[in-house]
Each structure stands twice: as structure tokens, then as C-alpha cells.
Number of protein chains: 2
Amino acid sequence: MQIPSGATVLQEPIVETLGREIVDGVLAPGDRLTLDALQSRFGVSRTVMRDCMRVLESLRLVYAKRRIGLVVQESRFWNAYDRRVIRWRLSGPGRERQFTELTELRVAVEPLAAAGAARRAPSQAREEIVSLAAQLRRLGEEGDLEGFLAVDIAFHALLLRASGNSMFAELDGVVAEVLSGRTHQGMMPFHPREKALAEHEAVAAAVAAADGPGAERHMQVLVDEVRAALEDRLHDGQLPD
Amino acid sequence: MQIPSGATVLQEPIVETLGREIVDGVLAPGDRLTLDALQSRFGVSRTVMRDCMRVLESLRLVYAKRRIGLVVQESRFWNAYDRRVIRWRLSGPGRERQFTELTELRVAVEPLAAAGAARRAPSQAREEIVSLAAQLRRLGEEGDLEGFLAVDIAFHALLLRASGNSMFAELDGVVAEVLSGRTHQGMMPFHPREKALAEHEAVAAAVAAADGPGAERHMQVLVDEVRAALEDRLHDGQLPD
DNA sequence: CCGGGCATAAGGTGTTATCTTTTATTCAGC
DNA sequence: GCTGAATAAAAGATAACACCTTATGCCCGG
């Protein structure tokens, strides 16, 4: 309309903007939006606006009612596992909370994923996991934090994907976020320790040996450390609701 | 178009149909669809068809490319945690597989969710959990399977929602599906046993007493039984990929 | 005979206008 | 004051078009 355009970038930065506003609470649950208002706000046509709202609806951030408009949903209805929602929650005021929740999820899932990988991974993945554990030791001993992080993410992500459970596999991005947040935002001070290195190797060895219980046990040791840190940070206050 | 029709129900049975076809493999990854073909297939306008595809795109079942059309995605890209995708997978040829995966997820998550509820649940929820456990005993001893199932679902769902972790809370529907599948489809023969009843009560008592480790331990016992059954059913074959 | 560049057209993306349908609100009547 | 019908706001749906990207295939030169 105003923009005669030129470059045909997709008009889904709108989804990004609105999604973030809802997740950040700029738009509160119960707030009403209308297509007319939105299309003039963003300077796009009705069709584009509809497309955007359809996506937000699919994420359950809003729902549409005739004669009312688009109503912002309460957070408990949101598709908490959608990548975009996770990303938005991680970059707003709720960052700490989301980070804690994702970490807790990771703690719950990784041991079973390791067991699954040990039982079901294809042999190529087993080899790769062993190789990643070896690289982890090298980088850890060299003190290369960035390199360590990258390989650590690859290690955990591969384990999830090789677990043979698509629900676990889908969490690879979550683990990447949590590990990288831990290193970068210093939300959890991170020092690769001898014990952690040894446990990574033990997990890899167990996976290579198709030793499900062993892989699970060693992964449990790894996440238990994370968990201890988590419970320190937590206030453990009762929830208001 | 053809259907002037009275009721203007939303034209999203189309999403349902296409989603199911993709999940069931009727439409294989890499298959190309065009808006034109689809709009004449379903007898709707281009706009409606676009809305539908936008939703499927948001579920990552397809992606759109110019000059190509809409391409069906490989299953590893699907939003595995979206309710619709879960539902579709549970009602098609992949049912067994999905059921197993959801059960494994549940086994991973519920112990930590119980611990979370013990530490963070509001007092009203604690009382309700104790009450549900008592009802469970009564119904179990009476042999009322349907009633037992309903309360069992309520028990586990409440625990997840009261865990204080929205990622766990979102899985309430998953647990409902798994429990109800176990009872109905006989995918896992189900007999409420004394031990299970006692463990449910123990979990409830621990939650009421804000005993995180206790709630976790008892829930672990409950899911370990499920897990044993799971591993019997599993072929444990290596994955092809 | 083969490879690179250019033309073509297919098909998604975006715009505008118009009609239909639902339904919250309002206002009148009992 | 409550019920019910009229009103209108806003989403749902359709249609026709302009635009831009890009897969594909043709053509020409080496």
C-alpha cells in the first residue's frame, strides 16, 4: 500500500512482532484486536493480515471470534513447544522462567533419550557420538569454551535425534538453547570439569555398546548436576494460581 | 462455491483432511501440491485454501516455494507436539509408534512433574490431588474401569498442570491419550492393582506434604511399571536411518 | 556433443473490492 | 426489569488482478 515495495520479502515479520508482543505481555490475554486495526497498523492488506492471524491462531496465541475480533489467549493455551514461542519467551521478560522450565524438561528427557539411543541408534550415529565425546575432552582440556559449547550441543542433539523417539528428537533445539544460554548469559556458571568430561565419554561408550541402562545412568549423573544448580536458583515459592 | 450452504462452518475440515493425509503418508514427503489443484479439489476459494496451507505450514507439514507449489515435509520437521499432529498420528497407520513414543515421553516427564507439584503447587491443587487419589482407590476396588480411567486422567493431568512448568503442563492431553489408549485399545492390558493404588496415594501424600523427592520416587515406581511393559512390546531393532 | 546463459511461464505473494454470516449490543415493548 | 427483535460490527468467503521469483527448457557457442 504505502510501500510500493520492490523486494518481496515475506510479510511475516508481522507474525514475529505480534507473537513477541503477546508473549511479552504487551498484549494481555483478553485484549481484542481487529483485522482492520492491524492492517492499518502494519500497512498491509487484509489477506496478509489474515494469513498472519491464522498462524498466530495455529500457535494458539489468539483465537478469532466473529463480531469480536481476535482475542489474545491466556498463556496456558499457547503451543509451548513451538520453536517460535520458545524463542519469543526466551527473549522477553519471561526469559528466566522459560529457561528454568526448558532446563527442567531437558533434565527429565535426556536420560531416557540416551537409553533410547543406546538401544536403537543406527551404528553411524553411535560412532559419531563417541567421536563427539572425544572432541569434547580435547576442547575441554584446551579450555576452548566456544568450541566446547558447539560440540556439546552437537553431542546432546545427536543423542536426542538418535533416540528413535520423534518427541525427544524435536527437543534438540531446546537443548541447544539451554546449553548456549548456560554458557553465554552466565545464567549458570559453566566450567567443563573432569567429571563432566568423563561422564560424556561414559554415555558415549554405553551408547556404542548398546548398553541402555548404562547410558541412562551416566546421563542421569550429568543432568543431576544441572538439576542441583537449578534448584539452588529456584525460589520454590508456591504458585499464586 | 458449489455449496451456497446455510451453515458457514469454518472451512478448516480441509486442514484436518490434508493434515491427516500427510501424517498417514497418503501424501509423501516431497509431493507437490498447488493452490489451484487444492482449491478445485475442495471447492473453495483461493483465500480459504491459502489460510489452510498457512496453518499446515505453521505445523511444518508443508513448506511453500514459489514456482513449485506446496511441498510436503519430511516427518522429522513436523511440529510433533501440536495437538492436531499428535491426534493425526494416533489415528493413522503410525498409531502404535506414536503411542509408544508418547508413553516414553510420559515416563520421562511425570516423575519430575510430580516433584515440581510437591514443591510448587498451590494448596488447593494439593488437596484436590489427595482427593483424586482417594477416589482412585474407591473406584479401583469397585472395579469401575471407566470411572477409574477418568479419575486417573484427572489425577495425572492435574499433577502436570500443578507442576509449575508450562512445558510439563502442556502434556496433559498427551497423558490423557496414553492412559485412555491403554485402557481402551488394550494396547497395554490394564488392571488397577493394589500396588498402583498405593503408589498413587503415596504420590498424593508426598505432594500434600511438599515432599518433592518422595513424590518423584513414588511416581517413578508408577511409571517404571509402564516402562517395563513398554520395553516388552518394543522390538528394540536398530533404526534404518 | 556438451555446457552456460537467457527467455518463458508456472505458481506463490500481495492488493482490492464486495458479499455473506454470525452475534454482541441496543433499544423498544410488554 | 426482563424479553425479544432490530442494528451493525467484524470475521468469513469469493473473485479478479498485478507482481515477483525461479524451475525449466531452449538456443547458441565452444
Side-chain angles (χ1 to χ4, degrees), chain A residues 1-19 21-22 27-73 77 84, chain B residues 1-19 21-22 27-73 77 84:
Chain A
M1 197 197 246
Q2 327 24 9
I3 306 163
S5 74
T8 318
V9 229
L10 322 190
Q11 299 295 127
E12 317 302 11
I14 297 175
V15 170
E16 196 68 22
T17 304
L18 286 173
E21 286 182 3
I22 292 171
L27 296 170
D31 279 5
R32 298 172 176 190
L33 309 168
T34 69
L35 283 184
D36 275 336
L38 289 168
Q39 74 180 291
S40 62
R41 169 176 169 191
F42 290 103
V44 294
S45 73
R46 191 179 181 76
T47 313
V48 172
M49 215 50 243
R50 266 183 73 171
D51 281 356
C52 295
M53 297 323 282
R54 204 61 80 213
V55 173
L56 293 175
E57 209 178 9
S58 162
L59 298 180
R60 298 183 210 285
L61 295 183
V62 303
Y63 63 91
K65 273 193 90 174
R66 289 212 180 164
R67 170 65 217 237
I68 290 295
L70 299 135
V71 186
V72 178
Q73 281 271 30
F77 294 112
R84 287 160 291 194
Chain B
M1 199 197 243
Q2 306 53 348
I3 308 164
S5 81
T8 316
V9 227
L10 323 190
Q11 301 296 125
E12 322 294 318
I14 298 175
V15 170
E16 197 68 22
T17 303
L18 287 173
E21 287 183 2
I22 292 171
L27 296 170
D31 279 3
R32 298 172 177 191
L33 310 168
T34 69
L35 284 182
D36 275 336
L38 289 168
Q39 75 179 292
S40 62
R41 169 177 169 191
F42 290 103
V44 294
S45 75
R46 194 176 184 77
T47 314
V48 172
M49 213 52 242
R50 270 179 69 171
D51 281 356
C52 295
M53 297 322 284
R54 202 59 81 216
V55 174
L56 293 176
E57 207 180 9
S58 162
L59 299 180
R60 298 184 211 286
L61 294 184
V62 304
Y63 63 92
K65 270 193 93 173
R66 292 221 177 153
R67 172 64 218 245
I68 289 295
L70 299 136
V71 187
V72 178
Q73 280 271 28
F77 294 111
R84 288 159 291 195

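So you know, we letter chains A, B, ... as the sequences are listed, proteins then strands, and number each from 1. Remember, it's a predicted structure, so these values are computed and weren't measured experimentally.
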Does Phe42(B) reach the side chain of Val48(B), with side-chain heavy atoms less than 4.5 Å apart? no

Looking only at heavy atoms, which two atoms of Leu70(B) and Ala64(B) are closest? And how far apart? CD2-CB, 3.8 Å

Less than 3.5 Å apart, any donor N or O on the side chain of Ser58(A) or Arg54(B) sitting next to an acceptor on the other? no

Provide the closest heavy-atom pair for Gly19(B) versus Leu61(B) in the form atom of the first, atom of the second, distance. CA-CD1, 3.9 Å

How is Thr34(A) classified with respect to the nucleic acid when contacts are heavy atoms under 4.0 Å: base, sugar-phosphate, or nothing? sugar-phosphate

side-chain contact (heavy atoms from CB on, under 4.5 Å), that's the test. Do Ile22(B) and Asp31(B) meet it? Break it down for me. CA-CA 10 Å; Ile22(B) 292 171; Asp31(B) 279 3; over 6 Å; no

Please list residues of residues 49-59 of chain B whose heavy atoms come under 4.0 Å from any atom in DNA chain C, ordered by number; otherwise none. Arg50(B), Arg54(B)

What one should report as the nearest heavy-atom pair of Met49(B) and Val44(B) is SD-CG2, 4.0 Å

Is the shortest heavy-atom distance from the side chain of Leu18(A) to the side chain of Arg41(A) under 4.5 Å? yes

Can you tell me how far P of dA10(C) sits from CG of Leu70(B), to the nearest Å? 17 Å

N/O-N/O pairs, protein side and nucleotides 25-28 of chain C side, under 3.5 Å:
none

For Lys65(A) and Ser45(A), take the nucleotide of DNA chain C holding the closest heavy atom to each; which residue's nucleotide lies nearer the 5' end? Ser45(A)

Please name the pair of heavy atoms, one in Ala28(B) and one in Val72(B), separated by the smallest distance, quoted to 0.1 Å. O-CB, 3.3 Å

Rounding to an integer number of Å, can you tell me how far Arg46(B) CZ sits from dA17(C) C1'? 17 Å

Could you tell me the separation between the CG atom of Asp36(A) and the P atom of dA11(D), rounded to a whole number of Å? 7 Å

A side-chain contact here means heavy atoms from C-beta on lying under 4.5 Å apart; do Arg46(A) and Thr47(B) qualify? no

Distance in angstrom units between Tyr63(A) OH and dA11(D) C1', rounded: 14 Å

How close or far is atom C1' of dT14(D) from atom CG of Leu35(B), stated in whole angstroms? 15 Å

Taking any heavy-atom pair under 4.0 Å as a contact, classify Leu38(A): base, sugar-phosphate, or nothing. nothing

Rounded to whole Å, the CD-P distance (Gln39(A) to dT15(C)) equals 9 Å

